[in-house]
Amino acid sequence: MKIAIEGCMHGDLDNVYATLLHLQQSENTTIDLLLCCGDFQAVRNESDLESLNCPAKFKSMQSFWKYYSGQKVAPITTIFIGGNHEASNYLWELYYGGWTAPNIYFLGFAGVIKFGNIRIGGLSGIYNERHYRLGHHEKLPYSESHIRSIYHVREYDVHKLMQIEEPIDIFLTHDWPCGITDYGNWKELVRRKPFFEKEIQDRTLGTVVQHGEGGPMTKFLALDKCLPGRKFLQIVEIESEPGPHEIHFDEEWLAITRKFNSIFPSTTKPANFGKAKLDKQECMQWIRHKLQQRGAKPFEFVQTVPGYDPSQSSAHGSYTGHHRNPQTEAFLQFLELNYYLDGTSETGDPIHSPASFITNGASQVCTEVRVGVTCLQLPYHPSVSKVD
């Protein structure tokens, strides 16, 4: 299986897909999957720009809206995590993961899915010590403080990931793992990006990753944003079962989600992990039975707001509040869980989704690939250079 790995997308889907299509044609190959490690900027319309935290000069529609509206379809299945420059209002609708557009899948604030027999996990956002132990308390419309804290990693999501026992093949984060610079030319990194020096000295550049004694090898990729002359894209080749490959739910992650959803922290108070009593193995059996009945494909993409219309462009639009995404509602109904994302109550509300939805229906960027790989390194221009 050939997997393209992209640094920061910053909404420039057209150029990334054009580069990959050129590579497929010039190399007579097929790329099975694109992974993006954050700053994807899934901006659907001008109203979403109000929830995008970046300097005003960079607030523009870019090209994601074309894929959301159906004007274009992603030519390669795409999976991404969130970074620190996102339309956080849209990603919050899909906190548990889901399709942001046809063939473009958000892994969630934390999540694990399967693509064929390859297991892919990820953690969205960046680390901030002041907010790490808080709950997900931010509510729309975001204040100047909340538009930043919404994408700060929370202990609750990390704790869920720490419950994973089965091996993960690929893991995506937007932050770098702490100490990863010890394995590269950190002097050259500091020469090019001097603002990293203090973080390297303080051992605060990224988040801590520990595989344990004798654990699997991690191949770390640090990729740039999609700009001319930048090294923003690599291709890794890993062993897999024959295709065609599709995105499927992961049994263990569904069990973990079911186990911990009842303590979802929707205020500034941290989660009370002592209250999550559900037996994991018992839950795994329950999940397996449910997947046998329904199938393991994610729920289908649904538009929740109008897409951007260039002919009717206006200043940023207006705040329209939290939207309950039908994919999220269907997901929670499938797992028989309450909805907590709009913060209307401490206990959440039961989900009543249409039966039609319960059918068989990837700056500071890294990806950790726990397999041996070979890489092709691509510049922004379609000409291709190869590395071992």
Side-chain angles (χ1 to χ4, degrees), residues 6-16 36-69 71-72 74 78 80-95 97-101 104-109 122-128 131 136-154 172-175 224-227 232 303-310 312-323 325 328 341-342 362-365:
E6 150 74 13
C8 293
M9 182 73 79
H10 287 288
D12 198 4
L13 282 69
D14 284 351
N15 275 323
V16 171
C36 177
C37 306
D39 287 357
F40 191 81
Q41 294 188 4
V43 177
R44 302 164 293 181
N45 54 35
E46 290 187 310
S47 182
D48 283 352
L49 292 174
E50 297 179 8
S51 298
L52 176 64
N53 180 43
C54 69
K57 64 180 180 179
F58 295 124
K59 286 194 175 185
S60 60
M61 290 304 304
Q62 295 294 345
S63 57
F64 171 79
W65 64 271
K66 302 175 186 177
Y67 300 84
Y68 175 80
S69 65
Q71 184 180 129
K72 291 187 174 183
T78 302
F80 73 96
I81 58 168
N84 58 316
H85 297 294
E86 304 290 359
S88 297
N89 61 321
Y90 187 25
L91 299 192
W92 184 249
E93 288 183 22
L94 296 168
Y95 168 84
W99 300 107
T100 58
I104 301 176
Y105 192 86
F106 174 49
L107 201 52
F109 275 54
L123 177 67
S124 291
I126 61 174
Y127 177 76
N128 182 291
H131 298 141
H136 289 288
H137 62 282
E138 297 83 2
K139 302 294 182 294
L140 285 164
Y142 298 131
S143 65
E144 284 298 311
S145 173
H146 288 178
I147 200 173
R148 293 170 175 82
S149 64
I150 181 68
Y151 55 72
H152 290 159
V153 170
R154 303 301 158 89
L172 307 176
T173 70
H174 197 63
D175 271 334
D224 214 326
K225 64 183 67 175
C226 180
L227 289 174
F232 69 91
Q303 287 191 12
T304 52
V305 299
Y308 175 60
D309 184 349
Q312 299 179 12
S313 178
S314 61
H316 291 195
S318 59
Y319 161 70
T320 55
H322 174 75
H323 295 273
N325 196 297
T328 300
L341 301 182
D342 51 15
S363 87
Q364 300 165 358
V365 179

Query raised in the report: Quick one: does K59's side chain have a donor or acceptor within less than 3.5 Å of a partner on L49's backbone?
Result: yes
Query - Side-chain heavy atoms of Y68 within contact of T100, under 4.5 Å - result: no
Report task. Indicate the atoms forming the closest heavy-atom contact of G122 with L107, along with that distance. Result -> N-CD2, 3.3 Å
Query raised in the report: Going from CG on D12 to CG on D39, what distance comes out if it is rounded to the nearest 0.5 angstrom?
Result: 13.0 Å
Query raised in the report: Going from CZ on F64 to NZ on K72, what distance comes out if it is rounded to the nearest 0.5 angstrom?
Result: 13.5 Å
Query raised in the report: Just how far is it from atom CD of E93 to atom CG of L341, taken to the nearest 0.5 Å?
Result: 9.5 Å
Query raised in the report: Within 45° of the axis and under 6.0 Å from the centre of the six-membered ring of Y90, does NZ or CZ of R44 qualify?
Result: yes
Query - Under 3.5 Å donor-acceptor, S124 side chain and G108 backbone - result: yes
Query raised in the report: Which pair of non-hydrogen atoms, one from Q303 and one from S69, has the smallest distance, and what is that distance?
Result: NE2-CA, 3.6 Å
Requested in this report: Identify the heavy atoms of E138 and S149 that sit nearest to each other, and give their distance.
Outcome: OE2-OG, 2.7 Å
Query raised in the report: Is any side-chain heavy atom of Y142 closer than 4.5 Å to a side-chain heavy atom of R148?
Result: no
Query raised in the report: Do N325 side-chain atoms and L94 backbone N/O form a donor-acceptor pair below 3.5 Å?
Result: no
Query - Spacing of CD belonging to E6 relative to CG belonging to L172, to within rounding of 0.5 Å - result: 12.0 Å
Query raised in the report: Would you call the rings of H136 and W92 parallel, tilted or perpendicular, where under 30° means parallel and over 60° means perpendicular?
Result: tilted
Query raised in the report: Are T78 and F40 close enough, and set up right, to give a side chain to side chain contact (heavy atoms under 4.5 Å, CB included), and what steps lead you there?
Result: CA-CA 11 Å; T78 302; F40 191 81; 4.2 Å; yes
Query raised in the report: Between S51 and L140, which heavy-atom pair has the shortest distance, and what is it?
Result: OG-CD2, 3.8 Å
Query raised in the report: Going by atom types only, do D14 and Y67 share a side-chain donor-acceptor pair under 3.5 Å?
Result: yes
Report summary line: In terms of heavy-atom contacts, G11 and S63 come closest through O-OG, 2.9 Å
Report summary line: On a heavy-atom basis, the closest approach of Y151 and G83 is CB-O, 3.5 Å
Query - Rounded distance (nearest 0.5 Å) linking atom OG of S60 with atom CD of Q41 - result: 7.5 Å
Query - Flag for E86-S88: side-chain donor and acceptor within less than 3.5 Å - result: no
Query raised in the report: So how far is it from K139 NZ to I150 CD1, rounded to the nearest 0.5 Å?
Result: 8.0 Å
Query raised in the report: Does some side-chain heavy atom of V43 sit less than 4.5 Å from a side-chain heavy atom of M61?
Result: yes
Report task. State, yes or no, whether a side-chain contact exists between H137 and H146 at a heavy-atom distance under 4.5 Å. Result -> yes
Query raised in the report: Hey, does I126 have a side-chain heavy atom less than 4.5 Å from the side chain of H152?
Result: yes
Query raised in the report: Got a donor-acceptor contact below 3.5 angstrom from the T173 side chain to the L123 backbone?
Result: no
Query - Non-hydrogen side-chain atoms of L91 and F106 separated by less than 4.5 Å - result: yes
**Report entry** Check: H85 ring centroid to F58 ring centroid under 6.0 Å
**Finding:** no
Query - Side-chain donor-acceptor contact under 3.5 Å, N84 with N53 - result: no
Query raised in the report: How are the rings of Y105 and W99 set relative to one another: parallel (under 30°), tilted (30 to 60°) or perpendicular (over 60°)?
Result: perpendicular
